[in-house]
Asker: 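Attaching a single structure in structure tokens format; questions to follow.
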Amino acid sequence: MPELPEVETIRRCIAPEIVGQTVTNVIVRNASLRWPVPTDLARCLPTQKIISVERRAKYLLLRTDAGSAIIHLGMSGKLLVCRQNKAVEKHDHLDLVFANGKILRFNDPRRFGCALWTSDDPTQHPLLATLGKEPLEDGLTAEYLFHQSRGRSLKIKEFLMNSRIIVGIGNIYANESLFAAGIHPGRAAGRISLKRYERLKAAIKEVLTNALRQGGTTLRDFCDAAGNPGHFQLQLMVYNRAGESCRSCGSLIQQIRIGQRSTYFCKKCQR
DNA sequence: ACTGGCTCCTGAGGGC
DNA sequence: TGCCCTCAGGAGCCAG
């Protein structure tokens, strides 16, 4: 399940392969993703050169002079850079074909992902315009989280997973960040002190940075655009560890549900 | 203005 | 071996 470290890993992997390359063809095998793949994508992208591959939240932005492709991997999406003659597999929904004979192939079994086209500034697209702070940028401060959370009763874990507040944090890294900060995931966001948000902010940056350094987390099938898995799963402190002992204090890791999501924590280390 | 619940989808895994 | 059930989750959307 690609979160910020996984999407950024993919971005870093595909950027050197496709920046400066000209798109010669777009093959849409299945347009029925989360939103229909717009016909403009296949109409406008060919003949365009990729200027840059950027990331905003969990969206990848492929910029050209004519506009930008916006790609989200959803739950199960993968991007692979490969030769054009690679056999088409199940759920290979989309290919961007480049002049050098390579292709960028989008595969997504659950089809929660999307591939869109905009001729305008992609950061102003409706899906991106209202996004919150990037966690690895300086704009994310304890004061920001503190002020955004005042008067709000929702649980801190849901607050962290709200992309209008802060982006890129999905279930794995919300659990891990809260453990690293020593905060119980069910605590009301509005009742956490500035001092504890200071610790949480540092924990988020540290967890995401470490995960990025490890090439992301591979639980089942995440891999980068070259097919390599990540390694951060070896360092998970709580996620997917229900009933196992806390790596810090030895207590058993608890599993509860918050917002229809599996939530893992150590009741001794997190208050 | 918030908040919680529903929804899309496929594949893995468990029980029988 | 096969079938059925449950679970996994990003994030938009909507009702209260």
Side-chain angles (χ1 to χ4, degrees), chain A residues 1-11 29-38 55-61 70-79 89-94 106-116 118 122 125-135 145 147-178 185-192 208 211 216-223 229-230 232-233 236 238-243 255-264:
Chain A
M1 44 223 75
E3 302 181 31
L4 187 150
E6 290 76 30
V7 177
E8 179 63 19
T9 294
I10 289 171
R11 189 196 69 77
R29 296 190 191 82
N30 182 359
S32 113
L33 301 182
R34 174 158 194 181
W35 294 282
V37 178
R55 180 189 57 75
R56 171 72 172 114
K58 298 173 189 168
Y59 293 93
L60 287 168
L61 310 175
I70 301 173
I71 296 174
H72 195 292
L73 300 173
M75 258 295 293
S76 55
K78 280 188 194 180
L79 284 173
E89 294 179 26
K90 201 175 179 185
H91 310 305
D92 282 344
H93 305 311
L94 178 71
F106 180 79
N107 176 292
D108 185 9
R110 290 179 203 177
R111 292 192 277 123
F112 282 12
C114 67
L116 303 171
T118 178
H125 187 279
L127 289 172
L128 281 76
T130 59
L131 290 172
K133 301 280 188 191
E134 284 288 336
L145 293 174
H147 285 125
Q148 289 294 320
S149 63
R150 288 313 88 180
R152 300 188 67 170
S153 60
L154 84 168
K155 296 172 169 63
I156 183 61
K157 180 168 177 252
E158 295 188 280
F159 181 74
L160 285 189
M161 293 176 71
N162 182 340
S163 62
R164 316 252 166 226
I165 305 293
I166 177 171
V167 301
I169 302 180
N171 203 31
I172 295 175
Y173 299 112
N175 280 299
E176 294 297 312
S177 298
L178 287 167
R187 183 167 290 277
R191 293 182 167 267
I192 293 174
L208 293 179
T217 301
T218 297
L219 289 174
R220 185 169 299 149
D221 55 8
F222 167 76
C223 62
F232 191 68
Q233 64 277 9
L236 293 175
V238 288
Y239 185 82
N240 219 15
R241 298 193 66 240
Q255 178 175 8
I256 57 174
R257 282 187 90 74
I258 289 180
Q260 288 93 250
R261 296 288 178 265
S262 291
T263 302
Y264 305 87

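Order of the sequence lines fixes the chain letters, A, B, ..., with proteins taken first and strands second; residue numbering starts at 1 for each chain.
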Asker: Indicate yes or no for a side-chain donor-acceptor contact from A:T263 to the backbone of A:R261 under 3.5 Å, with no hydrogens or angles considered.
Answerer: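 Looks like yes, one N/O pair under 3.5 Å.
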Asker: Name the orientation class of the two ring planes belonging to A:Y264 and A:Y239 (parallel below 30°, tilted from 30 to 60°, perpendicular beyond 60°).
Answerer: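 Rings of A:Y264 and A:Y239: perpendicular, as their planes differ by over 60°.
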Asker: It should be established whether A:K155 places a side-chain nitrogen or oxygen under 4.0 Å from OP1 or OP2 of nucleotide B:dT3.
Answerer: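 No, no such contact exists.
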Asker: Does a distance-only test, which skips hydrogens and angles, find a donor-acceptor pair under 3.5 Å between the side chain of A:R110 and the base of C:dG10?
Answerer: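 Answer is no: no donor-acceptor pair is held.
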Asker: Using whole Å, report how far CD of A:E3 lies from P of C:dG9.
Answerer: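 A:E3 atom CD is separated from C:dG9 atom P by 9 Å.
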Asker: For the side chain of A:R261, counting heavy atoms from C-beta on, which of C:dA8, B:dG11, C:dA11 is nearest?
Answerer: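 Out of C:dA8, B:dG11, C:dA11, the nucleotide with an atom closest to A:R261's side chain is C:dA11.
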Asker: Closer than 3.5 angstrom, by distance alone: can the side chain of A:D108 be matched with the main-chain N or O of A:H91 as a donor-acceptor pair?
Answerer: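 Absent.
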Asker: Indicate yes or no: does A:R55 engage A:E134 in a salt bridge with an N to O separation below 4.0 Å.
Answerer: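 Yes, charged N to carboxylate O under 4.0 Å.
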Asker: Tell me whether A:R29 at atom CZ has more than 12 heavy atoms from other residues, nucleotides or ligands lying less than 6.0 Å away.
Answerer: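 Counting other residues, nucleotides and ligands, CZ of A:R29 exceeds 12 neighbours.
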Asker: Would you mind classifying the nucleic acid contact of A:Y239 as base, sugar-phosphate or nothing, using non-hydrogen atoms under 4.0 angstrom?
Answerer: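 It contacts sugar-phosphate atoms only.
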Asker: Can you check whether A:Q233 reaches A:T217 side chain to side chain, under 4.5 Å on heavy atoms?
Answerer: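 Yes, side chains in contact.
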Asker: In whole Å, what is the span from the CD1 atom of A:I165 to the C1' atom of C:dA11?
Answerer: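 About 14 Å, once rounded to whole Å.
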Asker: Counting just side-chain N and O atoms, does A:S76 come under 4.0 Å of either OP1 or OP2 of B:dC9?
Answerer: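 The answer is no; no side-chain N or O of A:S76 sits under 4.0 Å from OP1 or OP2.
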Asker: Which of these passes side-chain contact (heavy atoms from CB on, under 4.5 Å) with A:R56: A:L61, A:I70, A:L127?
Answerer: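 Answer after filtering A:L61, A:I70, A:L127: A:L61.
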Asker: Quick one: on DNA chain B, does A:Q260 or A:R150 contact a more 5' nucleotide (nearest heavy atom)?
Answerer: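 Final value for this comparison: A:R150.
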Asker: Measuring from the side chain of A:R111 (C-beta onward, heavy atoms only), which nucleotide among C:dG9, B:dT10, C:dG10 has the closest atom?
Answerer: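 Given the options C:dG9, B:dT10, C:dG10, the side chain of A:R111 is closest to B:dT10.
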Asker: Counting only side-chain heavy atoms from C-beta out, which of B:dT3, C:dG9, B:dG4 sits nearest to A:S153?
Answerer: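 Of the options given, the side chain of A:S153 lies nearest B:dT3.
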Asker: So if I take every side-chain heavy atom of A:K90 and compare against B:dG11, C:dG9, B:dT10, which nucleotide ends up nearest?
Answerer: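 The answer is B:dG11, which lies nearest to the side chain.
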Asker: Pairs under 3.5 angstrom, nitrogen or oxygen only, protein versus nucleotides 2-4 of chain C, please.
Answerer:
none

Asker: According to a strict under-4.0 Å criterion, is A:R152 in side-chain N/O contact with OP1 or OP2 of B:dG4?
Answerer: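 Checking A:R152 against B:dG4: no side-chain N or O falls below 4.0 Å of OP1 or OP2.
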Asker: Taking only N and O in the side chain of A:Q148, is any of them less than 4.0 Å away from OP1 or OP2 of B:dA1?
Answerer: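 Indeed not, no polar side-chain atom of A:Q148 lies that close.
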Asker: Rounded to the nearest angstrom, tell me the gap between atom NZ in A:K78 and atom P in B:dT10.
Answerer: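 Atom-to-atom, A:K78 to B:dT10, this comes out as 17 Å.
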Asker: Roughly how many Å is it from CG in A:L219 to P in B:dA12, rounded to a whole number?
Answerer: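 My rounded result for the distance is 15 Å.
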Asker: Output the rounded distance in Å from CD (A:Q255) to P (C:dA8).
Answerer: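 Atom-to-atom, A:Q255 to C:dA8, this comes out as 6 Å.
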Asker: Rounding to an integer number of Å, can you tell me how far A:L60 CG sits from C:dG10 P?
Answerer: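 Rounding to the nearest Å, CG of A:L60 and P of C:dG10 are 16 Å apart.
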Asker: Rounded off to whole Å, could you give me the CZ-to-P distance for the A:F222 and C:dG9 pair?
Answerer: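 About 17 Å, once rounded to whole Å.
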Asker: Strictly under 3.5 Å: I want the nitrogen or oxygen pairs between protein and nucleotides 12-16 of chain C, one per line.
Answerer:
| residue | atom | partner | partner atom | Å |
| --- | --- | --- | --- | --- |
| C:dG12 | OP1 | A:Y59 | OH | 3.3 |
| C:dG12 | OP2 | A:R164 | NH2 | 3.3 |
| C:dG12 | O4' | A:R34 | NH2 | 2.9 |

Asker: According to the 5.5 Å centroid and 30° plane-angle thresholds, does A:F112 stack upon the nucleobase of C:dA11?
Answerer: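 Taking the rule of under 5.5 Å and under 30°, the ring of A:F112 does not stack on C:dA11.
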Asker: If every non-hydrogen atom of A:L131 is compared with every non-hydrogen atom of A:A57, which pair is closest and at what distance?
Answerer: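 Looks like CD1-CB, 3.7 Å.
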Asker: Base, sugar-phosphate alone, or nothing: which one does A:E158 contact when heavy atoms must sit under 4.0 Å apart?
Answerer: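 Contact class for A:E158: sugar-phosphate only.
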Asker: Less than 4.5 Å apart, side chain to side chain, heavy atoms only: is that true for A:L116 and A:P38?
Answerer: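 SC-SC contact between A:L116 and A:P38 confirmed.
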Asker: Within the structure, does a side-chain N or O atom of A:Y173 lie under 4.0 Å from either OP1 or OP2 of C:dG9?
Answerer: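 Negative; the distance criterion is not met.
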Asker: Phosphate oxygens OP1/OP2 of B:dT10: is one of them under 4.0 Å from a side-chain N or O of A:H91?
Answerer: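 It does not, given that no N or O in the side chain of A:H91 lies less than 4.0 Å from OP1 or OP2 of B:dT10.
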Asker: Could you state the CG-C1' distance from A:L33 to C:dA11, rounded to the nearest angstrom?
Answerer: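 Rounding to the nearest Å, CG of A:L33 and C1' of C:dA11 are 15 Å apart.
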Asker: Begin from the C-alpha positions of A:I172 and A:F232 and carry the test side chain to side chain contact (heavy atoms under 4.5 Å, CB included) through to its verdict.
Answerer: CA-CA 11 Å; A:I172 295 175; A:F232 191 68; 5.5 Å; no
Asker: Using the rule side-chain contact (heavy atoms from CB on, under 4.5 Å), only one of A:H72, A:M75, A:R34 pairs with A:F112; which is it?
Answerer: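 Of A:H72, A:M75, A:R34, side-chain contact (heavy atoms from CB on, under 4.5 Å) with A:F112 is met by A:M75 alone.
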